[in-house]
Amino acid sequence: MSSTATLLRPIGRCRVMGVVNVTPDSFSDGGLWIDPGAAAEHGLELAEQGADLVDVGGESTRPGAMRIDAEQERERVLPVVRRLAGQGVDVSVDTMRADVAAAALDAGAVLVNDVSGGRADPEMIPLVARTGAPVVLMHWRGHADRMQDLTQYDDVVGDVVRELRAQVDAALEAGIAPEHVVVDPGLGFSKTGEQNWTVLAGLDTFASLGHPLLVAASRKRFLGELLGDDDGHRPVTAREDATAALTTLAAAAGAWCVRVHDPLRSVDAVRVVARLAQEIRSTPEGLP
Ligand code: PMM
């Protein structure tokens, strides 16, 4: 299992985070892993497939989703975190609630993944500062029930970077160490399909924030829209090659980690990018 000190340090390639949603309604895998035993087994499978981290979440953030109560979220997440951490897997907890994050860290999680970037629960940033845990701060404008009404930008990349920087500054002011902060542009969160593409085209700009970058495009709706036909969007389970293509591009852009539901192709993709990057570095004149 990685320590806090090693989790964010460079390892010569982009990391891969596997996803386990212990929810009945996530868009990508809702209902599949609602039983904690099945969820934990799935997490172990993701680790065996080469995921460096397994992200466990108990609350759906799909557009329009309603919030669940904290007790229910804890009941979904904690047994899975405990079991995976007990088996030596590096676990992140996908939660917007400080008390769920605290309980998950006690149960062995090594990273807090807060899609609200500290904005949903005023206790989250102080909790992370107190525990010294690394944290993913995602760009966020509002909860799932209204996030798709919050897609007005003058310049989507510039505005998202500026808002994310404000979230990072709040975390640093509260005492979170800069080297413990990961940033994430939040694809699909208060962003239209078109805006997601613009954000992806501007990934380099996010690197300018000076923190490791997490990119979570896996199976998202904008891929289904792009690849759809007259019958409608490409189904969620047929978006894996598109997901791996974006893993390749995110890794080449220097991402610290990609968050994916099916790690196999992404694990190969990050290795290919790392090998090529090594070759380019060792060829002083550049490639022929
Ligand atoms: N997206 C989802 C859930 N958690 N966490 C981070 N850091 N970034 C994301 O973009 C993100 C996330 C929604 O997707 P899911 O329902 O497939 O988990």
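Indexing begins at 1, ligand by ligand and atom by atom, following the structure's order.
- Atom numbering of ligand 1 starts at 1 in the shown order; those under 4.0 Å from a heavy atom of Asn113 are 5 (N), 6 (C), 7 (N).
- Protein heavy atom nearest atom 4 (N) of ligand 1, with residue, atom name and distance: Asp94 OD2, 2.8 Å.
- Glu73 approaches Asp94 most closely through the heavy-atom pair OE2-O, 4.2 Å.
- Atom CH2 of residue Trp256 and atom CG of residue Asp184 lie 10.0 Å apart, to the nearest 0.5 angstrom.
- A donor-acceptor pair under 3.5 Å is absent between the side-chain atoms of Ser208 and the main chain of Asp204, judged by distance alone.
- Protein heavy atom nearest atom 14 (O) of ligand 1, with residue, atom name and distance: Phe27 CE2, 3.5 Å.
- Distance from atom 9 (C) of ligand 1 to its nearest protein heavy atom, with residue and atom name: Ala216 CB, 3.4 Å.
- Listed by number with element, the atoms of ligand 1 under 4.0 Å from a non-hydrogen atom of Asn21 are 15 (P), 16 (O), 17 (O), 18 (O).
- To the nearest 0.5 Å, atoms CZ (Arg141) and CG (Asp159) are separated by 6.5 Å.
- Those atoms of ligand 1 that come under 4.0 Å of a heavy atom in His261, given as number and element, are 15 (P), 17 (O).
- Set against the non-hydrogen atoms of Leu214, the atoms of ligand 1 under 4.0 Å away are 7 (N).
- Judged by distance alone, the side chain of Asn21 and the main-chain N or O of Thr23 form no donor-acceptor pair under 3.5 Å.
- At under 3.5 Å, not a single nitrogen or oxygen of Thr61, backbone or side chain, sits near a nitrogen or oxygen of ligand 1.
- A cation-pi arrangement is absent between Arg234 and Phe222 under the rule of less than 6.0 angstrom and at most 45 degrees off the ring axis.
- In summary, the atoms of ligand 1 found under 4.0 Å from a heavy atom of Met138, numbered by their order in the structure, are 6 (C), 8 (N), 9 (C), 10 (O).
- Residue contacts with ligand 1 include Lys220, since one of its heavy atoms falls under 4.0 Å from the ligand.
- One finds the CG atom of Leu214 at 10.0 Å from the CE atom of Met138 (value rounded to the nearest 0.5 Å).
- Of all protein heavy atoms, the one closest to atom 12 (C) of ligand 1 is Val115 CG1, 3.4 Å.
- In terms of polar-atom proximity, Arg259 is counted as a contact of ligand 1, with an N or O under 3.5 Å from an N or O of the ligand.
- In this structure, the protein non-hydrogen atom closest to atom 8 (N) of ligand 1 is Asp184 OD2, 2.6 Å.
- Of the N and O atoms on the side chains of Ser92 and Asp55, at least one donor lies less than 3.5 Å from an acceptor on the other residue.
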**Q.** Audit row: Ser116, Asp114, side-chain hydrogen bond (donor to acceptor under 3.5 Å, both in side chains) steps and yes/no
**A.** CA-CA 5 Å; Ser116 84; Asp114 179 358; 2.9 Å; yes
